[in-house]
Undergrad: 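Pasting in a structure now, in structure tokens, and then I'll have a few things to ask.
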Amino acid sequence: MLIGHDILLEKFKGLIESGNLSHGYIFFGEPGVGKFSFAAGLAAYLETGEFQKLSRPLGETLIIRPSEEGTIGINNIRESKYFLFQKPAHSPRRTVIVDAAECLTSQAQHSLLKIAEEPPVSALIMLIVSNPEALLATLQSRLLKIYFPRVSSVLFAAMLVKQF
């Protein structure tokens, strides 16, 4: 369940419907505010038409997370490049979500920069970070930054009362 980001949700739905969705975004904010859940819900919306929690893997979405060593290497980004350059079958976009993108190695960031500079028409890249300054400045400049604020305690309490 996504709480407190209704305005962002409506804006992104509008961007999708008008065909103005960018090729890439950096979702940033404190840990636990729903950045990854929003990105996954957006990917589901593109593929299924419903903004929902992922209950099954999506065919047009690749999720990259840090390895056991705590890094995301260049091979992960190469995999995402091959994934993005395929034509989507069930969605207008092929989506790559990089969770904890601050774990990208320098080589991986440079490789991702090349993709972000000349993305395929049907590509959507979403990087999830706490602090965008952890990424290369050139990579930051190629992607739109979206801040996810902390959900107010009043809104959270209202949701709990309504739910339970």
Side-chain angles (χ1 to χ4, degrees), residues 2 4-5 7-9 11-16 19-47 51 53-54 56-151:
L2 192 63
H5 302 302
I7 294 171
L8 280 174
L9 176 59
K11 290 202 183 274
F12 271 91
K13 283 182 177 180
L15 289 171
I16 292 167
N20 291 322
L21 191 65
S22 179
H23 71 281
Y25 296 93
I26 298 172
F27 291 167
F28 72 101
E30 294 179 35
V33 295
K35 301 177 299 284
F36 179 80
S37 296
F38 187 89
L42 188 60
Y45 183 77
L46 285 166
E47 194 164 328
F51 194 94
K53 183 177 179 182
L54 297 179
R56 63 173 175 81
L58 297 171
E60 307 289 355
T61 301
L62 175 66
I63 297 172
I64 298 174
R65 291 195 165 105
S67 66
E68 291 178 7
E69 294 83 31
T71 61
I72 300 171
I74 192 168
N75 288 335
N76 296 108
I77 302 307
R78 286 181 180 145
E79 178 187 356
S80 71
K81 178 181 177 181
Y82 298 127
F83 179 82
L84 288 172
F85 275 89
Q86 297 174 27
K87 297 281 185 206
H90 306 292
S91 172
R93 300 286 184 110
R94 296 219 14 131
T95 304
V96 170
I97 301 171
V98 182
D99 195 15
E102 52 268 292
C103 295
L104 286 161
T105 64
S106 178
Q107 286 180 320
Q109 287 190 52
H110 282 93
S111 182
L112 187 57
L113 175 61
K114 297 247 186 239
I115 299 168
E117 287 175 335
E118 296 181 27
V121 174
S122 60
L124 175 58
I125 303 166
M126 291 183 275
L127 306 182
I128 313 300
V129 297
S130 294
N131 180 5
E133 299 301 316
L135 302 172
L136 293 171
T138 50
L139 182 56
Q140 291 179 52
S141 71
R142 301 303 189 276
L143 305 171
L144 296 174
K145 294 179 196 170
I146 306 294
Y147 175 67
F148 280 73
R150 184 185 300 180
V151 177

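Please read all numbers here as calculations on a predicted model, not as lab measurements. Throughout, residue positions are numbered sequentially from 1 according to the sequence presented.
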Undergrad: State the CD1-OG distance between I63 and S80, to the nearest 0.5 angstrom.
TA: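 Reported to 0.5 Å precision, the distance equals 13.0 Å.
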Undergrad: Return the set of residues passing side-chain hydrogen bond (donor to acceptor under 3.5 Å, both in side chains) with Q109 (not counting sequence neighbours), or none when no residue passes.
TA: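 By the side-chain hydrogen bond (donor to acceptor under 3.5 Å, both in side chains) rule, Q109 matches no residue at all.
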Undergrad: Tell me, which pairs form a ring-ring contact (aromatic ring centres under 6.0 Å, His included) where one or both residues lie in residues 112-147, sequence neighbours left out?
TA: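 Those involving residues 112-147 are F28-Y147.
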Undergrad: Heavy atoms only: give me the nearest A100-I72 pair and the separation to one decimal.
TA: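 Nearest pair, atom of A100 first, then I72: O-CD1, 3.7 Å.
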Undergrad: Do L104 and I77 come close enough that some side-chain heavy atom pair is under 4.5 Å?
TA: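 The answer is yes; the side chains approach within 4.5 Å.
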Undergrad: Rounded to the nearest 0.5 Å, how far does CG of N76 lie from SG of C103?
TA: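 C103 atom SG to N76 atom CG measures 11.0 Å (nearest 0.5 Å).
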Undergrad: Quick one: pull up NE2 in H110 and OG1 in T105 and give me the separation to the nearest 0.5 Å.
TA: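 It comes to 10.0 Å.
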Undergrad: Counting only heavy atoms from other residues, nucleotides and ligands, does the tally under 6.0 Å from NZ of K145 exceed 12?
TA: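 Count over threshold, so yes.
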Undergrad: Dump the intermediate steps for side chain to side chain contact (heavy atoms under 4.5 Å, CB included) on T61 and L46, then the final yes or no.
TA: CA-CA 10 Å; T61 301; L46 285 166; over 6 Å; no
Undergrad: Kindly list each side-chain donor-acceptor pair under 3.5 angstrom involving residues 111-135, sequence neighbours excluded, with atom names and distances?
TA:
residue: E117; atom: OE2; partner: R142; partner atom: NH2; Å: 3.1
residue: N131; atom: OD1; partner: E133; partner atom: N; Å: 3.0

Undergrad: Is a donor from one side chain sitting under 3.5 angstrom from an acceptor on the other, for E69 and T71?
TA: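 T71 and E69 do not have a side-chain donor-acceptor pair below 3.5 Å.
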Undergrad: Strictly by side-chain hydrogen bond (donor to acceptor under 3.5 Å, both in side chains), give each pair with a member in residues 90-101 just once, sequence neighbours left out.
TA: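 Only E60-R94, R65-D99, Q86-R94 qualify under side-chain hydrogen bond (donor to acceptor under 3.5 Å, both in side chains).
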Undergrad: Rounded at 0.5 Å granularity, tell me how far CD1 in I74 sits from NZ in K81.
TA: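 So the gap between those two atoms works out to 9.5 Å.
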Undergrad: Give the intermediate values and the outcome of ring pair (Phe, Tyr, Trp, His ring centres under 6.0 Å) for residues F12 and F38.
TA: CA-CA 10 Å; F12 271 91; F38 187 89; 5.5 Å; yes
Undergrad: Quick one: list whatever passes side-chain hydrogen bond (donor to acceptor under 3.5 Å, both in side chains) with K13, sequence neighbours left out.
TA: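 Listed in chain order: nothing, the list is empty.
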Undergrad: List the residues meeting side chain to side chain contact (heavy atoms under 4.5 Å, CB included) with L144, not counting sequence neighbours, and say none if there are none.
TA: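 In terms of side chain to side chain contact (heavy atoms under 4.5 Å, CB included), with neighbours along the sequence ignored, L144 is linked to S22, Y25.
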Undergrad: Do side-chain atoms of K35 reach the backbone of F148 as a donor and acceptor pair under 3.5 angstrom?
TA: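 No, K35 side chain to F148 backbone: no donor-acceptor pair under 3.5 Å.
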Undergrad: Distance from L8 atom CG to F27 atom CZ, nearest 0.5 Å?
TA: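 Those atoms lie 7.5 Å apart.
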